[in-house]
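These notes concern the structure reproduced below.
Here is the naming used below: chain letters follow the sequence lines, and residue numbers restart at 1 for every chain.
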There are 2 protein chains.
Amino acid sequence: MDRRLTRRGRARRDQLVDFAARRFAENGYHSTSVTDIVNGLGVGKGVFYWYFASKDELFCEILADAQRSLRRRQQQAIADEDDPVRRLEQGMRASITWLGAHPHLFALVQLATSEERFAGMVRAGEDVAVADTARHVKEGMATGRIPGGDPFAVAHAVLGVTNHLTRALVVERGEKPDDVADAAVAFCLHGILARPTTP
Amino acid sequence: MDRRLTRRGRARRDQLVDFAARRFAENGYHSTSVTDIVNGLGVGKGVFYWYFASKDELFCEILADAQRSLRRRQQQAIADEDDPVRRLEQGMRASITWLGAHPHLFALVQLATSEERFAGMVRAGEDVAVADTARHVKEGMATGRIPGGDPFAVAHAVLGVTNHLTRALVVERGEKPDDVADAAVAFCLHGILARPTTP
DNA sequence: TCTCTCCTTGACCGCGCGGTCAAGCGCCCG
DNA sequence: CGGGCGCTTGACCGCGCGGTCAAGGAGAGA
(Lines give C-alpha, C1' and ligand atoms only; values in the text may rest on other atoms or scores of the structure.)
Protein backbone atom coordinates (compact mmCIF):
# COMPACT_ATOMS: atom_id res chain seq x y z
CA MET A 1 0.00 0.00 0.00
CA ASP A 2 1.63 3.22 -1.19
CA ARG A 3 -0.06 6.56 -0.69
CA ARG A 4 0.93 10.18 -0.59
CA LEU A 5 0.68 11.02 3.08
CA THR A 6 0.46 14.37 4.79
CA ARG A 7 1.98 14.94 8.19
CA ARG A 8 -1.35 13.99 9.69
CA GLY A 9 -1.45 10.83 7.61
CA ARG A 10 2.02 9.79 8.67
CA ALA A 11 1.10 10.34 12.30
CA ARG A 12 -2.01 8.19 11.95
CA ARG A 13 -0.06 5.46 10.24
CA ASP A 14 2.57 5.40 12.97
CA GLN A 15 -0.19 5.30 15.54
CA LEU A 16 -1.69 2.24 13.87
CA VAL A 17 1.67 0.48 13.62
CA ASP A 18 2.53 1.15 17.22
CA PHE A 19 -0.84 0.23 18.68
CA ALA A 20 -1.16 -2.89 16.56
CA ALA A 21 2.33 -4.05 17.49
CA ARG A 22 1.46 -3.95 21.17
CA ARG A 23 -1.88 -5.67 20.68
CA PHE A 24 -0.29 -8.41 18.58
CA ALA A 25 2.40 -8.96 21.19
CA GLU A 26 -0.13 -9.14 24.01
CA ASN A 27 -2.97 -11.09 22.42
CA GLY A 28 -1.45 -12.93 19.50
CA TYR A 29 -2.06 -12.53 15.79
CA HIS A 30 -5.41 -14.26 15.41
CA SER A 31 -6.87 -12.94 18.63
CA THR A 32 -6.16 -9.37 17.56
CA SER A 33 -8.80 -8.42 15.02
CA VAL A 34 -8.71 -5.40 12.76
CA THR A 35 -11.89 -4.32 14.52
CA ASP A 36 -10.04 -4.46 17.86
CA ILE A 37 -7.28 -2.26 16.53
CA VAL A 38 -9.51 0.45 15.07
CA ASN A 39 -11.84 0.42 18.08
CA GLY A 40 -8.85 0.75 20.40
CA LEU A 41 -7.87 3.86 18.50
CA GLY A 42 -11.45 5.11 18.25
CA VAL A 43 -11.49 5.28 14.47
CA GLY A 44 -13.51 3.66 11.71
CA LYS A 45 -12.46 0.48 9.97
CA GLY A 46 -11.81 2.26 6.70
CA VAL A 47 -8.87 4.04 8.28
CA PHE A 48 -7.02 0.77 8.63
CA TYR A 49 -7.50 -0.17 4.99
CA TRP A 50 -6.55 3.30 3.85
CA TYR A 51 -3.02 2.75 5.19
CA PHE A 52 -2.61 -1.02 4.86
CA ALA A 53 -3.72 -3.50 2.23
CA SER A 54 -4.33 -6.21 4.81
CA LYS A 55 -3.70 -7.32 8.37
CA ASP A 56 -0.95 -9.55 7.00
CA GLU A 57 0.85 -6.65 5.40
CA LEU A 58 0.81 -4.62 8.60
CA PHE A 59 2.21 -7.50 10.61
CA CYS A 60 4.97 -8.08 8.08
CA GLU A 61 5.93 -4.44 8.19
CA ILE A 62 6.13 -4.43 11.98
CA LEU A 63 8.20 -7.60 11.95
CA ALA A 64 10.58 -6.36 9.29
CA ASP A 65 11.04 -3.05 11.12
CA ALA A 66 11.85 -4.85 14.34
CA GLN A 67 14.40 -7.11 12.66
CA ARG A 68 16.03 -4.16 10.91
CA SER A 69 16.21 -2.16 14.11
CA LEU A 70 17.77 -4.98 16.10
CA ARG A 71 20.34 -5.71 13.44
CA ARG A 72 21.34 -2.05 13.18
CA ARG A 73 21.88 -1.98 16.94
CA GLN A 74 24.07 -5.07 16.77
CA GLN A 75 26.11 -3.71 13.89
CA GLN A 76 26.83 -0.40 15.54
CA ALA A 77 27.76 -2.15 18.78
CA ILE A 78 30.57 -4.09 17.13
CA ALA A 79 31.57 -1.49 14.56
CA ASP A 80 34.86 -0.40 16.08
CA GLU A 81 35.96 -3.59 17.74
CA ASP A 82 38.82 -5.64 16.35
CA ASP A 83 38.91 -8.67 18.62
CA PRO A 84 36.44 -11.33 17.39
CA VAL A 85 35.65 -12.56 20.90
CA ARG A 86 34.91 -9.02 22.01
CA ARG A 87 32.73 -8.53 18.94
CA LEU A 88 30.78 -11.64 19.86
CA GLU A 89 30.37 -10.34 23.40
CA GLN A 90 29.28 -6.88 22.30
CA GLY A 91 26.78 -8.40 19.88
CA MET A 92 25.23 -10.42 22.68
CA ARG A 93 25.06 -7.41 24.97
CA ALA A 94 23.49 -5.27 22.27
CA SER A 95 20.87 -7.94 21.57
CA ILE A 96 19.94 -8.39 25.21
CA THR A 97 19.69 -4.66 25.76
CA TRP A 98 17.58 -4.11 22.66
CA LEU A 99 15.26 -7.05 23.33
CA GLY A 100 14.87 -5.93 26.95
CA ALA A 101 14.04 -2.40 25.82
CA HIS A 102 11.44 -3.59 23.31
CA PRO A 103 9.84 -6.59 24.95
CA HIS A 104 6.71 -6.32 22.82
CA LEU A 105 8.76 -6.61 19.64
CA PHE A 106 10.59 -9.56 21.12
CA ALA A 107 7.26 -11.21 21.87
CA LEU A 108 6.10 -10.41 18.37
CA VAL A 109 9.04 -12.22 16.81
CA GLN A 110 8.37 -15.26 18.98
CA LEU A 111 4.78 -15.09 17.81
CA ALA A 112 5.72 -14.92 14.16
CA THR A 113 7.74 -18.12 14.53
CA SER A 114 4.59 -20.18 15.00
CA GLU A 115 2.67 -18.53 12.19
CA GLU A 116 3.52 -20.32 8.98
CA ARG A 117 3.12 -17.15 6.92
CA PHE A 118 5.79 -15.32 8.89
CA ALA A 119 8.07 -18.12 10.05
CA GLY A 120 10.19 -17.73 6.92
CA MET A 121 10.97 -14.10 7.72
CA VAL A 122 11.96 -14.98 11.26
CA ARG A 123 14.17 -17.81 10.14
CA ALA A 124 15.84 -15.59 7.56
CA GLY A 125 16.59 -13.02 10.25
CA GLU A 126 17.91 -15.72 12.52
CA ASP A 127 20.16 -17.04 9.78
CA VAL A 128 21.65 -13.58 9.36
CA ALA A 129 22.36 -13.34 13.08
CA VAL A 130 23.88 -16.81 13.10
CA ALA A 131 26.05 -16.00 10.10
CA ASP A 132 27.28 -12.84 11.82
CA THR A 133 28.14 -14.71 14.99
CA ALA A 134 29.69 -17.62 13.12
CA ARG A 135 32.04 -15.19 11.37
CA HIS A 136 33.42 -14.02 14.68
CA VAL A 137 33.80 -17.60 15.86
CA LYS A 138 35.63 -18.62 12.70
CA GLU A 139 37.94 -15.68 13.04
CA GLY A 140 38.63 -16.61 16.65
CA MET A 141 39.46 -20.13 15.54
CA ALA A 142 41.80 -18.82 12.88
CA THR A 143 43.78 -16.85 15.46
CA GLY A 144 43.75 -19.78 17.88
CA ARG A 145 41.71 -17.98 20.55
CA ILE A 146 38.91 -20.51 20.14
CA PRO A 147 39.45 -24.25 19.88
CA GLY A 148 38.04 -26.15 16.89
CA GLY A 149 34.43 -27.17 16.37
CA ASP A 150 31.46 -26.28 14.22
CA PRO A 151 31.14 -22.47 14.16
CA PHE A 152 27.47 -22.70 13.19
CA ALA A 153 26.66 -24.94 16.10
CA VAL A 154 28.41 -22.52 18.43
CA ALA A 155 26.63 -19.55 16.88
CA HIS A 156 23.26 -21.24 17.31
CA ALA A 157 24.08 -22.06 20.90
CA VAL A 158 24.94 -18.41 21.54
CA LEU A 159 21.66 -17.35 19.99
CA GLY A 160 19.80 -19.86 22.13
CA VAL A 161 21.37 -18.56 25.32
CA THR A 162 20.80 -14.93 24.39
CA ASN A 163 17.16 -15.33 23.49
CA HIS A 164 16.20 -17.65 26.28
CA LEU A 165 17.94 -15.74 29.07
CA THR A 166 16.48 -12.48 27.86
CA ARG A 167 12.98 -13.88 27.80
CA ALA A 168 13.18 -15.78 31.07
CA LEU A 169 15.16 -13.31 33.15
CA VAL A 170 14.75 -9.85 31.65
CA VAL A 171 11.23 -9.99 30.26
CA GLU A 172 9.56 -12.40 32.66
CA ARG A 173 11.48 -11.81 35.87
CA GLY A 174 12.37 -8.17 35.35
CA GLU A 175 16.10 -8.55 35.99
CA LYS A 176 18.44 -5.84 34.75
CA PRO A 177 19.60 -6.37 31.16
CA ASP A 178 23.22 -5.62 32.05
CA ASP A 179 23.30 -8.24 34.76
CA VAL A 180 21.71 -10.81 32.51
CA ALA A 181 24.15 -9.91 29.75
CA ASP A 182 27.03 -10.53 32.16
CA ALA A 183 25.64 -13.95 33.02
CA ALA A 184 24.97 -14.82 29.37
CA VAL A 185 28.44 -13.78 28.22
CA ALA A 186 30.14 -15.63 31.08
CA PHE A 187 28.17 -18.76 30.30
CA CYS A 188 28.93 -18.69 26.61
CA LEU A 189 32.62 -17.94 26.98
CA HIS A 190 33.50 -20.19 29.92
CA GLY A 191 30.69 -22.68 30.29
CA ILE A 192 29.52 -24.14 33.55
CA LEU A 193 32.71 -25.69 34.81
CA ALA A 194 35.40 -23.11 34.13
CA ARG A 195 36.01 -20.11 36.30
CA PRO A 196 36.24 -16.93 34.22
CA THR A 197 39.77 -15.61 34.18
CA THR A 198 39.45 -12.23 35.90
CA PRO A 199 42.27 -10.08 34.56
CA MET B 1 -14.98 -35.50 28.21
CA ASP B 2 -15.30 -38.86 29.94
CA ARG B 3 -16.93 -41.79 28.20
CA ARG B 4 -16.98 -45.53 28.50
CA LEU B 5 -15.03 -46.63 25.46
CA THR B 6 -14.86 -49.99 23.77
CA ARG B 7 -11.67 -51.17 22.10
CA ARG B 8 -12.96 -49.65 18.88
CA GLY B 9 -13.64 -46.37 20.66
CA ARG B 10 -10.18 -46.23 22.16
CA ALA B 11 -8.63 -46.85 18.77
CA ARG B 12 -10.68 -44.04 17.21
CA ARG B 13 -9.71 -41.66 19.99
CA ASP B 14 -6.01 -42.43 19.60
CA GLN B 15 -6.35 -41.93 15.87
CA LEU B 16 -7.83 -38.48 16.43
CA VAL B 17 -5.14 -37.49 18.93
CA ASP B 18 -2.33 -38.61 16.68
CA PHE B 19 -3.65 -37.11 13.47
CA ALA B 20 -4.57 -33.82 15.14
CA ALA B 21 -1.15 -33.54 16.78
CA ARG B 22 0.55 -33.76 13.41
CA ARG B 23 -1.82 -31.30 11.78
CA PHE B 24 -1.41 -28.82 14.62
CA ALA B 25 2.36 -29.08 14.41
CA GLU B 26 2.36 -28.59 10.64
CA ASN B 27 -0.31 -25.95 10.19
CA GLY B 28 -0.68 -24.25 13.53
CA TYR B 29 -3.58 -24.20 15.95
CA HIS B 30 -5.92 -21.74 14.23
CA SER B 31 -5.21 -22.97 10.72
CA THR B 32 -6.16 -26.51 11.70
CA SER B 33 -9.95 -26.65 11.86
CA VAL B 34 -12.00 -29.41 13.38
CA THR B 35 -13.44 -29.90 9.91
CA ASP B 36 -9.90 -30.46 8.56
CA ILE B 37 -9.23 -33.09 11.18
CA VAL B 38 -12.40 -35.10 10.62
CA ASN B 39 -12.17 -34.81 6.84
CA GLY B 40 -8.55 -35.98 6.98
CA LEU B 41 -9.76 -39.07 8.81
CA GLY B 42 -12.83 -39.49 6.59
CA VAL B 43 -15.33 -39.33 9.43
CA GLY B 44 -18.20 -37.06 10.37
CA LYS B 45 -17.86 -34.07 12.61
CA GLY B 46 -19.88 -35.65 15.39
CA VAL B 47 -17.10 -38.18 15.92
CA PHE B 48 -14.79 -35.43 17.11
CA TYR B 49 -17.28 -34.12 19.65
CA TRP B 50 -18.08 -37.61 20.84
CA TYR B 51 -14.51 -37.96 22.13
CA PHE B 52 -13.58 -34.35 22.97
CA ALA B 53 -15.53 -31.49 24.45
CA SER B 54 -13.72 -28.92 22.32
CA LYS B 55 -10.73 -28.29 20.10
CA ASP B 56 -9.09 -26.61 23.09
CA GLU B 57 -9.44 -29.69 25.24
CA LEU B 58 -7.86 -31.91 22.61
CA PHE B 59 -4.90 -29.60 22.22
CA CYS B 60 -4.39 -29.43 25.97
CA GLU B 61 -4.40 -33.18 26.20
CA ILE B 62 -1.82 -33.56 23.46
CA LEU B 63 0.38 -30.92 25.05
CA ALA B 64 0.15 -32.43 28.52
CA ASP B 65 0.93 -35.90 27.16
CA ALA B 66 4.00 -34.58 25.38
CA GLN B 67 5.29 -32.81 28.47
CA ARG B 68 4.72 -35.88 30.63
CA SER B 69 6.46 -38.13 28.14
CA LEU B 70 9.52 -35.88 27.86
CA ARG B 71 9.84 -35.51 31.61
CA ARG B 72 9.62 -39.26 32.15
CA ARG B 73 12.40 -39.77 29.62
CA GLN B 74 14.57 -37.22 31.43
CA GLN B 75 13.94 -38.76 34.82
CA GLN B 76 14.80 -42.28 33.76
CA ALA B 77 17.95 -41.04 32.04
CA ILE B 78 19.37 -39.61 35.26
CA ALA B 79 17.89 -42.16 37.64
CA ASP B 80 21.03 -44.07 38.52
CA GLU B 81 23.63 -41.34 38.23
CA ASP B 82 25.29 -39.85 41.29
CA ASP B 83 27.47 -37.11 39.86
CA PRO B 84 25.45 -33.88 39.41
CA VAL B 85 27.41 -32.80 36.33
CA ARG B 86 26.78 -36.18 34.73
CA ARG B 87 23.10 -35.93 35.63
CA LEU B 88 22.94 -32.57 33.93
CA GLU B 89 24.63 -34.01 30.86
CA GLN B 90 22.38 -37.06 30.73
CA GLY B 91 19.33 -34.85 31.08
CA MET B 92 20.42 -32.77 28.11
CA ARG B 93 21.10 -35.85 26.02
CA ALA B 94 17.74 -37.36 26.88
CA SER B 95 15.95 -34.14 25.95
CA ILE B 96 17.71 -33.79 22.62
CA THR B 97 17.07 -37.41 21.73
CA TRP B 98 13.40 -37.22 22.68
CA LEU B 99 12.78 -33.92 20.92
CA GLY B 100 14.57 -35.20 17.85
CA ALA B 101 12.46 -38.35 17.86
CA HIS B 102 9.20 -36.44 18.20
CA PRO B 103 9.72 -33.30 16.14
CA HIS B 104 5.99 -32.72 15.75
CA LEU B 105 5.51 -32.63 19.51
CA PHE B 106 8.46 -30.28 19.79
CA ALA B 107 6.86 -28.00 17.23
CA LEU B 108 3.58 -28.26 19.06
CA VAL B 109 5.13 -27.01 22.30
CA GLN B 110 6.70 -24.08 20.47
CA LEU B 111 3.28 -23.38 19.02
CA ALA B 112 1.59 -23.44 22.39
CA THR B 113 4.00 -20.81 23.67
CA SER B 114 2.45 -18.16 21.44
CA GLU B 115 -1.12 -19.09 22.22
CA GLU B 116 -2.17 -17.29 25.36
CA ARG B 117 -4.50 -20.11 26.40
CA PHE B 118 -1.67 -22.64 26.48
CA ALA B 119 1.36 -20.51 27.30
CA GLY B 120 0.82 -21.10 31.00
CA MET B 121 1.11 -24.86 30.60
CA VAL B 122 4.31 -24.52 28.63
CA ARG B 123 5.83 -22.15 31.15
CA ALA B 124 4.92 -24.46 33.99
CA GLY B 125 6.64 -27.35 32.22
CA GLU B 126 9.66 -25.18 31.55
CA ASP B 127 9.84 -24.18 35.21
CA VAL B 128 9.91 -27.82 36.20
CA ALA B 129 12.77 -28.52 33.80
CA VAL B 130 14.66 -25.47 35.04
CA ALA B 131 14.15 -26.50 38.67
CA ASP B 132 15.47 -29.98 37.90
CA THR B 133 18.55 -28.60 36.19
CA ALA B 134 19.13 -25.95 38.85
CA ARG B 135 19.20 -28.68 41.51
CA HIS B 136 22.07 -30.39 39.77
CA VAL B 137 23.89 -27.09 39.40
CA LYS B 138 23.43 -26.24 43.08
CA GLU B 139 24.72 -29.62 44.06
CA GLY B 140 27.73 -29.16 41.82
CA MET B 141 28.41 -25.83 43.49
CA ALA B 142 28.13 -27.39 46.92
CA THR B 143 30.82 -29.93 46.06
CA GLY B 144 32.98 -27.28 44.43
CA ARG B 145 32.80 -28.83 40.96
CA ILE B 146 31.03 -25.72 39.67
CA PRO B 147 32.08 -22.16 40.50
CA GLY B 148 29.52 -19.77 42.04
CA GLY B 149 26.75 -17.96 40.19
CA ASP B 150 23.00 -18.01 39.85
CA PRO B 151 21.91 -21.64 39.37
CA PHE B 152 18.64 -20.54 37.79
CA ALA B 153 20.39 -18.41 35.22
CA VAL B 154 22.65 -21.34 34.38
CA ALA B 155 19.70 -23.72 34.16
CA HIS B 156 17.87 -21.37 31.82
CA ALA B 157 20.96 -21.05 29.66
CA VAL B 158 21.21 -24.83 29.43
CA LEU B 159 17.57 -25.03 28.43
CA GLY B 160 18.12 -22.35 25.79
CA VAL B 161 21.04 -24.21 24.27
CA THR B 162 19.24 -27.55 24.32
CA ASN B 163 16.06 -26.28 22.70
CA HIS B 164 17.67 -24.06 20.14
CA LEU B 165 20.33 -26.51 18.99
CA THR B 166 17.78 -29.27 18.70
CA ARG B 167 15.47 -27.15 16.61
CA ALA B 168 18.13 -25.60 14.39
CA LEU B 169 20.38 -28.60 13.89
CA VAL B 170 18.36 -31.75 14.48
CA VAL B 171 14.90 -30.74 13.29
CA GLU B 172 15.75 -28.22 10.59
CA ARG B 173 19.09 -29.48 9.32
CA GLY B 174 18.62 -33.17 10.00
CA GLU B 175 21.85 -33.66 11.94
CA LYS B 176 22.19 -36.70 14.17
CA PRO B 177 20.83 -36.16 17.71
CA ASP B 178 23.91 -37.74 19.30
CA ASP B 179 26.29 -35.42 17.50
CA VAL B 180 24.22 -32.39 18.40
CA ALA B 181 24.06 -33.59 22.00
CA ASP B 182 27.86 -33.80 22.06
CA ALA B 183 28.14 -30.24 20.80
CA ALA B 184 25.50 -28.97 23.21
CA VAL B 185 27.08 -30.63 26.22
CA ALA B 186 30.57 -29.43 25.29
CA PHE B 187 29.28 -25.89 24.86
CA CYS B 188 27.46 -25.85 28.17
CA LEU B 189 30.24 -27.38 30.19
CA HIS B 190 33.27 -25.63 28.70
CA GLY B 191 31.98 -22.64 26.81
CA ILE B 192 33.53 -21.22 23.70
CA LEU B 193 37.02 -20.49 24.92
CA ALA B 194 37.99 -23.52 26.96
CA ARG B 195 39.18 -26.76 25.47
CA PRO B 196 37.32 -29.71 26.96
CA THR B 197 39.61 -31.70 29.25
CA THR B 198 39.74 -35.12 27.63
CA PRO B 199 40.51 -37.57 30.41
C1' DT C 1 -33.47 -62.74 17.72
C1' DC C 2 -34.08 -58.75 20.45
C1' DT C 3 -32.14 -54.87 22.78
C1' DC C 4 -29.27 -51.60 24.54
C1' DT C 5 -25.30 -48.95 24.42
C1' DC C 6 -21.61 -47.25 21.70
C1' DC C 7 -20.62 -44.91 17.86
C1' DT C 8 -21.44 -42.21 13.52
C1' DT C 9 -23.66 -39.09 10.27
C1' DG C 10 -24.04 -34.48 8.17
C1' DA C 11 -27.18 -30.66 7.90
C1' DC C 12 -27.50 -26.89 10.55
C1' DC C 13 -26.64 -22.62 13.75
C1' DG C 14 -24.83 -18.12 15.18
C1' DC C 15 -20.97 -15.59 15.26
C1' DG C 16 -17.12 -12.72 14.27
C1' DC C 17 -13.73 -12.47 11.09
C1' DG C 18 -11.09 -9.88 7.08
C1' DG C 19 -12.25 -6.96 3.75
C1' DT C 20 -15.29 -3.40 0.68
C1' DC C 21 -17.25 0.86 -0.59
C1' DA C 22 -20.30 4.89 -1.43
C1' DA C 23 -20.55 8.85 0.80
C1' DG C 24 -18.97 12.84 3.20
C1' DC C 25 -15.82 15.71 5.96
C1' DG C 26 -12.02 19.05 6.56
C1' DC C 27 -7.39 20.72 5.83
C1' DC C 28 -4.24 22.99 2.69
C1' DC C 29 -3.04 25.40 -1.32
C1' DG C 30 -3.92 28.43 -4.97
C1' DC D 1 -12.75 31.77 -0.15
C1' DG D 2 -13.31 27.88 -2.99
C1' DG D 3 -11.84 23.42 -4.94
C1' DG D 4 -9.79 19.13 -4.52
C1' DC D 5 -7.43 15.64 -2.42
C1' DG D 6 -6.30 13.30 1.81
C1' DC D 7 -8.70 11.15 5.20
C1' DT D 8 -12.68 9.11 7.72
C1' DT D 9 -17.10 6.84 8.47
C1' DG D 10 -19.75 2.62 9.38
C1' DA D 11 -23.06 -0.37 7.26
C1' DC D 12 -22.46 -4.19 4.71
C1' DC D 13 -20.71 -8.76 2.51
C1' DG D 14 -19.45 -13.67 2.18
C1' DC D 15 -17.17 -16.99 4.41
C1' DG D 16 -15.59 -20.55 7.39
C1' DC D 17 -15.18 -21.31 11.96
C1' DG D 18 -16.40 -24.06 16.53
C1' DG D 19 -20.02 -26.37 18.08
C1' DT D 20 -25.02 -28.89 18.18
C1' DC D 21 -28.23 -32.46 17.51
C1' DA D 22 -31.91 -35.64 15.84
C1' DA D 23 -31.58 -39.63 13.67
C1' DG D 24 -29.80 -44.04 12.52
C1' DG D 25 -26.49 -48.02 12.14
C1' DA D 26 -23.79 -51.79 14.25
C1' DG D 27 -22.01 -55.09 17.40
C1' DA D 28 -22.06 -57.57 21.76
C1' DG D 29 -24.60 -59.84 25.35
C1' DA D 30 -28.99 -61.99 26.80
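Residues satisfying the ring pair (Phe, Tyr, Trp, His ring centres under 6.0 Å) criterion with A:Phe187, sequence neighbours excluded, are absent altogether. Under the side-chain hydrogen bond (donor to acceptor under 3.5 Å, both in side chains) criterion, B:Gln67 pairs with no residue, sequence neighbours left out. When the ring pair (Phe, Tyr, Trp, His ring centres under 6.0 Å) test is applied to A:Phe106, no partner is found at least two apart in sequence or on another chain. In terms of the side-chain hydrogen bond (donor to acceptor under 3.5 Å, both in side chains) criterion, residue partners of B:Ser114 (sequence neighbours excluded) are, by chain and number, A:Ser114.
In this pair, A:Phe24 and A:Phe59 present their aromatic rings perpendicular. The plane angle is above 60°, beyond the 30 to 60° band.
Annotation: cation-pi pair A:Lys55/A:Tyr29 present, NZ/CZ under 6.0 Å from the ring centroid and within 45° of its normal.
Using a 4.0 Å cutoff to heavy atoms of chain B, the contacted part of DNA chain D runs 5' to 3' from D:dC17 to D:dC21.
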*For nucleotides 23-29 of chain C, just jot down a letter per nucleotide in 5' to 3' order: B, S or -, based on protein non-hydrogen atoms under 4.0 Å.*
-------
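Within the structure, the salt bridge (charged side-chain N to carboxylate O under 4.0 Å, His left out) test picks out the following pairs touching residues 133-153 of chain B (sequence neighbours left out): B:Asp83-B:Arg145, B:Arg87-B:Glu139, B:Asp132-B:Arg135. Among pairs with a residue in residues 27-47 of chain A, none fulfils salt bridge (charged side-chain N to carboxylate O under 4.0 Å, His left out), at least two apart in sequence or across chains.
Residues of residues 17-46 of chain B having a heavy atom closer than 4.0 Å to DNA chain D, listed by number: B:Thr32, B:Ser33, B:Val34, B:Lys45, B:Gly46. Residues of residues 48-58 of chain B that place a heavy atom closer than 4.0 Å to DNA chain D, in numerical order, are B:Tyr49, B:Ser54, B:Lys55.
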Determine all donor-acceptor pairs shorter than 3.5 Å in which one atom belongs to a side chain in residues 11-20 of chain B; sequence neighbours excluded.
residue: B:Arg12; atom: NH1; partner: B:Gln15; partner atom: OE1; Å: 2.9
residue: B:Arg13; atom: NH1; partner: B:Tyr51; partner atom: O; Å: 3.4
residue: B:Arg13; atom: NH2; partner: B:Glu61; partner atom: OE1; Å: 2.5
residue: B:Arg13; atom: NH2; partner: B:Glu61; partner atom: OE2; Å: 2.5
residue: B:Asp18; atom: OD2; partner: B:Arg22; partner atom: NE; Å: 3.3

Donor-acceptor pairs under 3.5 angstrom involving side-chain atoms of residues 169-178 of chain B: please list them, not counting sequence neighbours.
residue: B:Glu172; atom: OE2; partner: A:Arg123; partner atom: NH1; Å: 3.3
residue: B:Glu172; atom: OE2; partner: B:Arg167; partner atom: NH1; Å: 3.1

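For the pair B:Ser31 (side chain) and B:Gly28 (backbone), a donor-acceptor distance under 3.5 Å is absent.
With hydrophobic clusters built from ILVMFWY side chains whose heavy atoms lie under 4.5 angstrom apart, B:Trp98 shares a cluster with B:Ile62.
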